[in-house]
There are 2 protein chains.
Amino acid sequence: MKRPAKKVATDRSFVVALSRGLDVLRAFQPNDGLLGNQEIAARTKLPKPTISRLTYTLTKLGYLTPVPRFEKYQLAPSAMALGYAALANLGVRHLSEPYREEVMRATGGAVAVGGRDRHSMIYFGQSRNGLTLGVQLDVGSRIPIATTAMGRAYLWALGSDERAALLRELREHYGSRWPKLRDGIERSGETVARHGFAISAGEWHDDVAAVGVALKLNDGTGPYAFNCGAPAFRFTEDRLLSDIGPRLVAMVRNIEAALGGAAPQSKKQENKKLGSGGKVARMVEGIR
Amino acid sequence: MKRPAKKVATDRSFVVALSRGLDVLRAFQPNDGLLGNQEIAARTKLPKPTISRLTYTLTKLGYLTPVPRFEKYQLAPSAMALGYAALANLGVRHLSEPYREEVMRATGGAVAVGGRDRHSMIYFGQSRNGLTLGVQLDVGSRIPIATTAMGRAYLWALGSDERAALLRELREHYGSRWPKLRDGIERSGETVARHGFAISAGEWHDDVAAVGVALKLNDGTGPYAFNCGAPAFRFTEDRLLSDIGPRLVAMVRNIEAALGGAAPQSKKQENKKLGSGGKVARMVEGIR
DNA sequence: TCGTTTGGTTTCGCACTGCGGAATTAAATT
DNA sequence: AATTTAATTCCGCAGTGCGAAACCAAACGA
């Protein structure tokens with residue numbers, strides 16, 4: 001009864017202006033520092049006057065700083081504060097730290113937790129020893145879903161509907177490059193089914209090898225995923241399979257236990273709530 | 001010509017819906033993890049249906065995650081991504097790192113950079129050696145403006161108008177506690193005038209002593225500030241004055257030089273632009 | 001010097017969004 | 001069963017937010 005229209009159309013509860021404003025903020029990628037109204041308009045595909053109003057509003061609220069020298073904008077401290085609040089509220093991050101540390105010491109690989117944002121996994125926290133990888137990844141770093149151990153573990157931890165939805169998104173996102181990626185994902189699906197962890201050896205960066213394990217919580221919060229990686233010469237595929245992988249699985253199980261049990265897998269619970277109408281129903285409908 | 005109304009009233013360029021949506025996100029403080037619509041409504045003073053719509057929108061966009069178990073929401077990875085992008089785009093943070101490291105090693109104190117968000121200073125980055133302070137401050141941490149060396153340095157680096165505005169805000173924010181704070185600020189103003197750095201010894205936390213120095217850039221980006229702090233017994237007031245302070249000032253001057261010169265202080269330039277109407281005029285008007 | 005290009009802002013009338021009071025439902029509590 | 005608490009849905013209307021088009025200013029270039 002609220003479903004008919006073809007496009008986004010009439011979703012009376014969706015606040016377009018807010019969505020657009022956030023799109024403007026998101027237009028600022030981690031590199032490109034300064035952006036003018038023009039560039040923002042190009043990226044967001046919104047008409048110029050709209051952008052003007054939005055940047056004006058965001059500036060007034062302190063999320064953007066004008067840089068008069070270049071007549072452009074920059075993300076401001078307030079934007080940062082949001083991110084930090086998000087981070088601080090992420091229980092997994094804190095709780096998993098000692099576990100990560102331990103596995104890092106035991107294996108010599110860097111251990112990280114992350115979750116998904118759009119088409120990427122994004123790091124919530126990591127433990128690395130001095131050596132480790134050539135690639136330096138910080139909190140907030142993004143890594144692809146399709147080619148990384150963390151991403152694959154995450155993907156295969158999703159319910160089949162969500163997974164299908166995500167795969168569709170990725171396909172669209174990657175265009176012609178998709179088939180190759182999809183193959184890798186499918187292979188990793190078998191690995192996950194058999195061993196409980198995903199592997200990526202040289203598929204993301206030539207010289208990086210890692211395993212990934214997903215964590216499900218019973219609070220309904222989307223799955224998270226851990227990885228443990230090192231330079232390829234240090235983690236041979238053999239070692240990944242027989243040593244690192246199982247170790248990471250054990251770690252995650254421990255964390256799940258500490259956090260109050262893994263997610264119940266049965267759809268029943270959810271459906272009960274879903275069937276009864278109410279908020280959750282709309283939520284689920286809205287989300288995917 | 002756009003000024004008359006008493007309240008926010010008619011600012012045709014200000015997008016209210018966006019502002020409110022961001023208020024909802026901001027309602028999530030770094031601690032209180034989960035928030036229900038109710039609590040959000042209370043904090044933001046917005047009517048419930050409005051909150052419903054906004055949380056619905058934010059959820060759909062991936063900035064909030066519903067936690068069905070508690071019928072509440074949590075900040076989601078997308079929110080974090082924003083913050084990270086902000087951080088990554090902050091030139092000062094990266095460029096200042098080696099300088100901070102050096103001063104840290106030379107003095108034994110922790111050295112940090114930060115900027116302002118609302119009523120606080122917020123850390124962009126810091127260098128600490130193993131020991132240092134009892135208080136552990138991370139990127140994203142907030143410290144007060146009035147009682148800290150960093151905050152005071154920042155405050156006295158503002159133009160007199162902005163400073164006045166900020167002081168007004170703080171006064172309102174702190175209510176009856178204000179007079180005492182104001183005294184501290186004023187004393188620190190003299191210190192800044194005389195030595196070029198601000199001091200806070202035991203005024204924020206009993207056992208912490210620090211100096212602060214502001215950094216002005218010529219790109220029009222609001223000032224930033226550095227501090228160098230340690231347990232009080234390690235940084236005596238004498239040492240702050242004669243050693244740590246001057247050293248931090250020197251550091252900041254070096255950074256300014258590396259970044260292409262300190263901000264020109266004359267109001268002329270700005271006024272020229274201002275006079276000519278156009279974007280900047282509206283910006284400035286809007287900001288403060 | 002005068003077009004031209006580029007990037008941004010203002011205007012303005014209208015459509016439809018977003019609003020919020022009030023009614024409604026769900027679940028938890030008594 | 002009655003009450004409380006917390007959310008959602010309804011729905012008509014005010015006025016927000018929209019965006020095409022016009023306008024402006026500065027930078028370029030010839």
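None of the values given here were measured: they were computed from a predicted structure. First the proteins, then the strands, lettered A, B, ... as listed; each starts at 1.
- When each of D:dG19, D:dT8, C:dG18 is scored by its nearest atom to the side-chain atoms of A:Thr50, the top-ranked nucleotide is D:dG19.
- Using modelled atom types, no side-chain atom of B:Arg118 and backbone atom of B:Ser120 make a donor-acceptor pair closer than 3.5 Å.
- Each of C:dC19, D:dA7, D:dG17 was ranked by its minimum atom distance to the side chain of B:Val15; first place goes to D:dG17.
- Separating the NZ atom of A:Lys48 from the C1' atom of C:dT11 is a distance of 14 Å, rounded to the nearest angstrom.
- Listed here is the closest heavy atom pair of B:Tyr224 and B:Gly115: CD2-CA, 4.2 Å.
- One can place NZ of A:Lys72 at 17 Å from C1' of C:dT9, the figure rounded to the nearest angstrom.
- Regarding A:Glu71, its CD atom lies at a distance of 13 Å from the C1' atom of D:dC24, rounded to whole Å.
- Rounded to whole angstrom, the span from the CZ atom of B:Phe14 across to the P atom of C:dG18 amounts to 15 Å.
- With the nearest nucleotide of DNA chain C identified for both A:Val16 and A:Leu35, A:Leu35 has the one nearer the 5' end.
- Taking atom CD1 on B:Ile51 and atom P on D:dT9, their separation rounds to 16 Å, with Å as the unit.
- Residue B:Gln38 has its side chain nearest to D:dA6 when only C:dG18, D:dA6, C:dT9 are considered.
- Taking side-chain N and O atoms only, A:Arg20 has a distance below 4.0 Å to OP1 or OP2 of D:dG19.
- Nearest heavy-atom pair across A:Ala76 and A:Thr65 is CB-OG1, 3.1 Å.
- Phosphate contact (OP1/OP2 of C:dG8, side-chain N/O of A:Ser52, threshold under 4.0 Å): absent.
- Distance B:Arg53 CZ to C:dG20 C1': 7 Å, rounded to the nearest Å.
- B:Pro49 comes within 4.0 angstrom of a nucleotide base, judged by non-hydrogen atoms across all strands.
- In this entry the distance linking CG of B:Leu46 with P of C:dC19 reads 9 Å, nearest Å.
- Note on B:Lys72 versus B:Glu39: salt bridge recorded, some NZ/NE/NH1/NH2 to OD/OE distance being below 4.0 Å.
- Atom-to-atom, CG of A:Asn37 to C1' of D:dA25 comes out at 15 Å; the value is rounded to the nearest Å.
- For B:Arg26 and A:Tyr63, the side-chain atoms include at least one donor-acceptor pair closer than 3.5 Å.
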